[in-house]
Trainee: 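The structure that follows is given in the form of structure tokens.
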Amino acid sequence: MVLYRILLKKSGISITIGSLVLLFLLVYGIQAPQLGFYWDGWMLLRRWEIGGFEQLQDYFTGDRPLLPFSYFLNHTINDNCRVCWHIYTVIIQIMAVGFIYISFISRMYNKSVRSIALYTILIFSVYPAYLMHPTVIALEVLSVGFLLFSISLSLMLISESSTRRWLHQGGWLLSGLLIPFYIGYEQQLGYEPLRLALLGWWIFQQDGWKGYVKRWYRWLFFPLITVGYLYFQIGILAAGQGGHNDPLTHDLHLGGIVTYILQQTWQVLFASWVTPIRIALVDMQQTTDQLILSVILSILATIVVAVGIRLFERHQAYSSAVDHELQPIVVVSLIGVGIAIIFSSLLPVAVFGEEIRFEWFHTTRHFWTSSIGASLIWATLIYIGVRPFGRLYVVAVLILIGSLTQTSVANHFITQWETSRLGFWQITWRSRGWDEGTFVIVTTNYPRQLSQNRVYDHDTLKLIYHPEQYDDLNYYLDEIHTIEGDPGNAYWLDQIRKSA
């Protein structure tokens, strides 16, 4: 018993990180080798193969000038290795949540806040509002951005904790310089309210209320960098050259923006726990084997989280953290920070007026950052609204729903990858020699938006039977925003041949 207590007291970080690693491996890692390439990932791979960094830079220079560096790193590491991309993404996300836990949560003095933070990380890991985890190339910027944000937070904490002037100032400078590299995808603006909240909690732990006045300049440094870079990116680059954020095509007014944000807040907070799992279990028509696999993985993930939380609570009993009851001001602050994260994440989306629907998986990419705020709100409500013995079960139910949704969505993408490969084999090996002008009727059983593996598009058929028409692929890349222009098709065909 004495040895058990010593192990619990010394291994709090190991318990939590171990639970997170197992959770990610069960929900995202087991199915990774069966997943393929989807969505704009084809186009980015093709650009990388044709011109490397220069092609990526040409694509993003219009309004996201720093994103090519992130993609350059990712492509250099993974190249066109399909499995590598998916495993790499899982590792990146584990590293990100690990950094945040080790840097901040493990050093918080209040046991209640520690527990809420742990619940937040666990719920966010499988939050069912974001349904694009398999699109690892096109949306790799979200995972890498999350990691850069967590590193930035760690540097900020190091600078705050250090008494050495060079380390103190250098840590703050490096922490601030990382902001433009992850804020390039505008919805990640939602990270900054979380940064200010964590900075505030850390200052309060060190110096109490007087610390806010003593270190007032801390509150200005990061917001100034964030606002300044966003103005440069959106107000100067995008306005002057055009880019991924095209000029507004809807009437922009305050009432419309507020209404939009409130509607999407409802979706990310409440509808995400009902609609996606209904789509996953009812509309997607999984095979029996796929459904069994999803259920088994989800149950195992739930068990891992339940055991991890129980061991964490036992560790808390032997830790030196104080056990103060949560004050109303702390509860209001936590919920307020969660709302601020959601609002600031959705504001750029509202300005450009893109509709978000769970049926259109690609639109849920806008819920990545706001899911952090929603997770924080749910974690806080669970902690204050549920008796201690029941918190574990409520969190476990949310993990089960989220895991079942994510694994079912992964099954759907796996089916799409197999359908695309089989389709290619059928029309190249069994139906060769079609003449130009042949009338083709094809029926498909999945929405086209989910993968953009357009094996049946007339444009793809031309690439198969008359590739000489597309010898000038650089010209083809210039047409990426037209109906026929999808350079991913050309690259997709090449990769399918290799995998055959």
Side-chain angles (χ1 to χ4, degrees), residues 12 15-20 22-24 26-27 97 100-101 105 108 110-131 194 265-278 280-281 294-317 321 323-328 330-339 341-342 358 367 370-408:
I15 290 170
T16 306
I17 297 301
S19 300
L20 287 169
L22 289 176
L23 175 62
F24 272 94
L26 287 168
V27 177
V97 295
I100 291 178
Y101 180 81
I105 301 174
M108 289 179 175
N110 191 299
K111 292 182 179 180
S112 300
V113 177
R114 277 191 187 183
S115 297
I116 291 174
L118 176 63
Y119 297 164
T120 300
I121 286 180
L122 292 171
I123 295 172
F124 169 70
S125 298
V126 296
Y127 206 88
Y130 177 75
L131 305 176
L194 178 60
T265 300
W266 169 267
Q267 284 213 96
V268 74
L269 270 175
F270 301 103
S272 60
W273 294 103
V274 179
T275 306
I277 195 169
R278 176 187 60 77
L281 297 180
S294 291
V295 171
I296 292 175
L297 292 177
S298 302
I299 292 175
L300 290 176
T302 305
I303 293 173
V304 164
V305 168
V307 172
I309 291 176
R310 183 63 70 195
L311 290 175
F312 177 81
E313 291 173 347
R314 297 286 180 87
H315 164 74
Q316 291 276 75
D323 194 16
H324 293 160
E325 184 177 347
L326 279 182
Q327 298 298 317
V330 177
V331 175
V332 172
S333 299
L334 290 170
I335 295 177
V337 170
I339 293 174
I341 293 172
I342 295 175
F358 291 116
F367 281 152
S370 56
S371 294
I372 300 177
S375 300
L376 177 58
I377 292 173
W378 280 114
T380 305
L381 293 177
I382 290 171
Y383 192 86
I384 65 173
V386 181
R387 294 180 181 275
F389 72 90
R391 293 170 189 159
L392 170 63
Y393 302 103
V394 176
V395 174
V397 169
L398 296 184
I399 296 298
L400 180 63
I401 295 173
S403 300
L404 190 56
T405 302
Q406 298 294 353
T407 53
S408 297

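Start at 1 with the first residue, then count along the sequence.
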Trainee: Indicate the atoms forming the closest heavy-atom contact of T120 with S375, along with that distance.
Mentor: O-CB, 3.6 Å
Trainee: List the atom of F358, the atom of Q267, and the distance in Å for their closest heavy-atom pair.
Mentor: CE1-OE1, 3.5 Å
Trainee: Nearest 0.5 Å, what's the CG-CD1 distance between L26 and I299?
Mentor: 12.0 Å
Trainee: Do Y119 and F312 have ring centres separated by under 6.0 Å?
Mentor: no
Trainee: Would you confirm whether the ring centroid of Y383 sits within less than 6.0 angstrom of the ring centroid of W378?
Mentor: no
Trainee: What are the two closest non-hydrogen atoms of I342 and S370, and how far apart are they?
Mentor: CG1-O, 3.5 Å
Trainee: For residues 393-403, dump all side-chain donor-acceptor pairs below 3.5 Å to protein atoms at least two apart in sequence or in another chain.
Mentor:
unit_1, atom_1, unit_2, atom_2, d
S403, OG, I399, O, 2.7

Trainee: Which value, rounded to the nearest 0.5 Å, describes the distance between L381 atom CG and L334 atom CG?
Mentor: 10.0 Å
Trainee: Tell me, do V305 and S19 make a side-chain contact under 4.5 Å, heavy atoms counted?
Mentor: no
Trainee: Ignoring hydrogens, what is the shortest heavy-atom contact between V97 and F24? Give both atom names and the distance.
Mentor: CG2-CE1, 4.0 Å
Trainee: Looking at L376 and G338, what are the two nearest heavy atoms and their distance?
Mentor: CD2-N, 3.8 Å
Trainee: In Å, rounded to the nearest 0.5 Å, how long is the span from OG of S125 to CG of L20?
Mentor: 5.5 Å
Trainee: If you round to the nearest 0.5 Å, how far is OG1 of T405 from CG of L281?
Mentor: 7.0 Å
Trainee: Which distance, rounded to the nearest 0.5 Å, do you find between the OG1 of T302 and the CG of L297?
Mentor: 10.5 Å
Trainee: List the atom of L194, the atom of I341, and the distance in Å for their closest heavy-atom pair.
Mentor: CB-CD1, 3.7 Å
Trainee: Measure the spacing between CG of L404 and CD1 of I277 and express it to the nearest 0.5 Å.
Mentor: 4.5 Å
Trainee: Between the main-chain N or O of Y130 and the side-chain N or O of Q406, is there a donor-acceptor pair closer than 3.5 Å?
Mentor: yes
Trainee: Can any side-chain N or O of S272 pair as donor or acceptor with the backbone N or O of A129 at less than 3.5 Å?
Mentor: no
